[in-house]
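Single-structure report; data block below.
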There are 2 protein chains.
Amino acid sequence: MAVRGMRQKKKVEFLTEVELEFMTELWALGEGSVRDVLAQLAPERNLAYTSAATILRIMEQKNFVTSEKRGKTFVYKPMLAKDAYQSKTLRNLSDKLFDGTPATMVARLVNDQGMSEQALEEIRALLDRRLKDNDS
Amino acid sequence: MAVRGMRQKKKVEFLTEVELEFMTELWALGEGSVRDVLAQLAPERNLAYTSAATILRIMEQKNFVTSEKRGKTFVYKPMLAKDAYQSKTLRNLSDKLFDGTPATMVARLVNDQGMSEQALEEIRALLDRRLKDNDS
DNA sequence: TTGGACTTACGAAGGTCTTAGTATTTACTC
DNA sequence: GAGTAAATACTAAGACCTTCGTAAGTCCAA
């Protein structure tokens with residue numbers, strides 16, 4: 001009997017570069033085996049099967065995904081929704097690089113991110129809705 | 001004669017955790033010596049002087065700061081303005097975690113970052129200005 | 001039930017990051 | 001010019017990350 005799923009001392013908060021790459025595919029797929037995820041990566045990525053398996057196993061140890069055995073293979077599923085992780089990441093970035101003021105962040109985005117006029121309009125509409133809700 | 005400022009193969013784009021911590025102090029100070037930066041850190045940080053010196057020397061190798069010798073000590077200065085680095089970081093985050101659509105990012109920020117009504121109003125004003133400029 | 005294809009578990013190499021100790025250099029004073 | 005306090009340069013340890021090879025386990029078909 002193999003040992004799987006050992007605990008770890010410190011809670012890991014954020015995905016590493018490669019883990020984010022994998023999680024992105026899992027978010028898109030909903031769930032997937034090592035082979036499924038590997039198939040989603042760009043062809044020029046050229047990652048060995050065992051590397052992908054290792055990455056997913058580590059992600060499970062860090063509680064970023066759960067696995068379920070189907071026949072011979074494990075199927076992995078995100079433990080964290082994409083938008084929740086987006087929020088978490090933005091909060092962290094706001095703290096670390098924007099003095100904890102997310103408004104500065106939005107300002108920076110709106111000012112120099114080369115957003116289309118349509119995108120800007122959408123955001124304004126979003127703000128209008130938000131500000132109306134606050135009134136009630 | 002010591003060897004300082006050796007080149008490096010690959011261009012480094014982003015600050016590491018500790019480098020960001022140091023760069024934040026340099027941005028606030030404008031410039032500073034090892035001792036200056038160390039003095040700015042939280043007292044409970046307890047970092048050895050030589051560690052701080054090493055970090056700044058590495059940051060110079062990576063072209064994040066320049067140094068100038070004044071008397072016995074080096075004074076370090078950022079090579080990159082804070083807002084430029086903020087923009088760069090946001091662009092990267094948008095690509096990696098938001099499918100390259102910064103509008104989604106703003107939406108996430110506005111929706112769950114707990115911004116005050118005043119902050120939201122300011123952003124809307126900013127957008128209004130941006131959208132008017134585009135018309136002309 | 002045994003062979004083969006595929007899967008998982010483990011270990012290790014090579015890299016970067018963070019930290020700090022030791023050794024060397026430097027500027028200034030007497 | 002020698003001594004001294006402070007700064008810089010170097011080295012290295014320990015942690016984590018990425019990658020992959022090898023070994024061991026597993027399912028199925030003939």
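Sequence lines set the chain letters: A, B, ... in the order given, protein chains first and strands last, and positions in each chain run from 1. Please read these numbers as outputs of a predicted model, since none were measured by experiment.
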Exercise for review: Applying side chain to side chain contact (heavy atoms under 4.5 Å, CB included), name anything that partners B:Glu25, two or more places apart in sequence or on another chain.
Suggested key: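 So B:Glu25 forms a side chain to side chain contact (heavy atoms under 4.5 Å, CB included) with B:Val37, B:Gln40, B:Leu41.
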Review point. Who passes side chain to side chain contact (heavy atoms under 4.5 Å, CB included) against A:Thr101, sequence neighbours left out?
Key: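 A:Thr101 satisfies side chain to side chain contact (heavy atoms under 4.5 Å, CB included) with A:Thr104 once adjacent residues are dropped.
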Tabulate protein N/O versus nucleotide N/O from nucleotides 15-18 of chain C, keeping only pairs under 3.5 Å, one per line.
residue : atom : partner : partner atom : Å
C:dC17  : OP2  : B:Lys62 : NZ           : 3.3
C:dT18  : OP1  : B:Glu17 : N            : 3.4
C:dT18  : OP1  : B:Val18 : N            : 3.2
C:dT18  : OP2  : B:Thr16 : OG1          : 2.5

Practice item. For DNA chain C, find the residues of residues 30-38 of chain A with a heavy-atom distance under 4.0 Å and give them by number; none if there aren't any. Key: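 Contacts with DNA chain C under 4.0 Å: A:Val34, A:Arg35.
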Could you tell me how far apart [X] ([atom1]) and [N] ([atom2]) are, to the nearest whole angstrom?
X       : N      : atom1 : atom2 : result
B:Met59 : D:dT8  : CE    : P     : 15 Å
A:Lys72 : D:dC27 : NZ    : C1'   : 5 Å
A:Leu56 : C:dT7  : CG    : P     : 13 Å
B:Lys69 : C:dC28 : NZ    : P     : 11 Å
A:Glu68 : C:dT8  : CD    : C1'   : 17 Å
B:Phe74 : D:dA6  : CZ    : C1'   : 14 Å
A:Lys11 : D:dC16 : NZ    : P     : 17 Å
B:Gln61 : D:dC10 : CD    : P     : 9 Å

For [X], what residues pass the salt bridge (charged side-chain N to carboxylate O under 4.0 Å, His left out) criterion, not counting sequence neighbours?
X        : answer
B:Arg45  : B:Glu21
A:Arg108 : none
A:Lys72  : none
A:Lys96  : B:Glu17

Review point. For A:Ala53, which contact category applies under a 4.0 Å heavy-atom criterion: base, sugar-phosphate, or nothing?
Key: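 Nothing: the residue A:Ala53, judged by heavy atoms under 4.0 Å, touches no strand.
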Review point. Just by distance, with hydrogens left out, do B:Thr89 and B:Asn92 show a side-chain donor and acceptor under 3.5 Å apart?
Key: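 No pair is found: no donor N or O on one side chain lies under 3.5 Å from an acceptor on the other.
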Looking at [X], I'd like to know whether one of its side-chain N or O atoms comes within less than 4.0 Å of OP1 or OP2 on [N].
X       : N      : value
A:Arg57 : C:dT8  : no
B:Ser51 : C:dT19 : no
B:Tyr49 : D:dT8  : yes
A:Thr50 : D:dC20 : no

Practice item. Hey, could you give me the CG/CD distance between A:Leu93 and B:Gln86, rounded to the nearest 0.5 Å? Key: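 If I round to the nearest 0.5 Å, the distance is 8.5 Å.
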Return a table of donor-acceptor pairs under 3.5 angstrom between the side chains of residues 46-56 of chain A and protein atoms on other chains or two or more places apart.
residue : atom : partner : partner atom : Å
A:Thr54 : OG1  : A:Thr50 : O            : 2.9

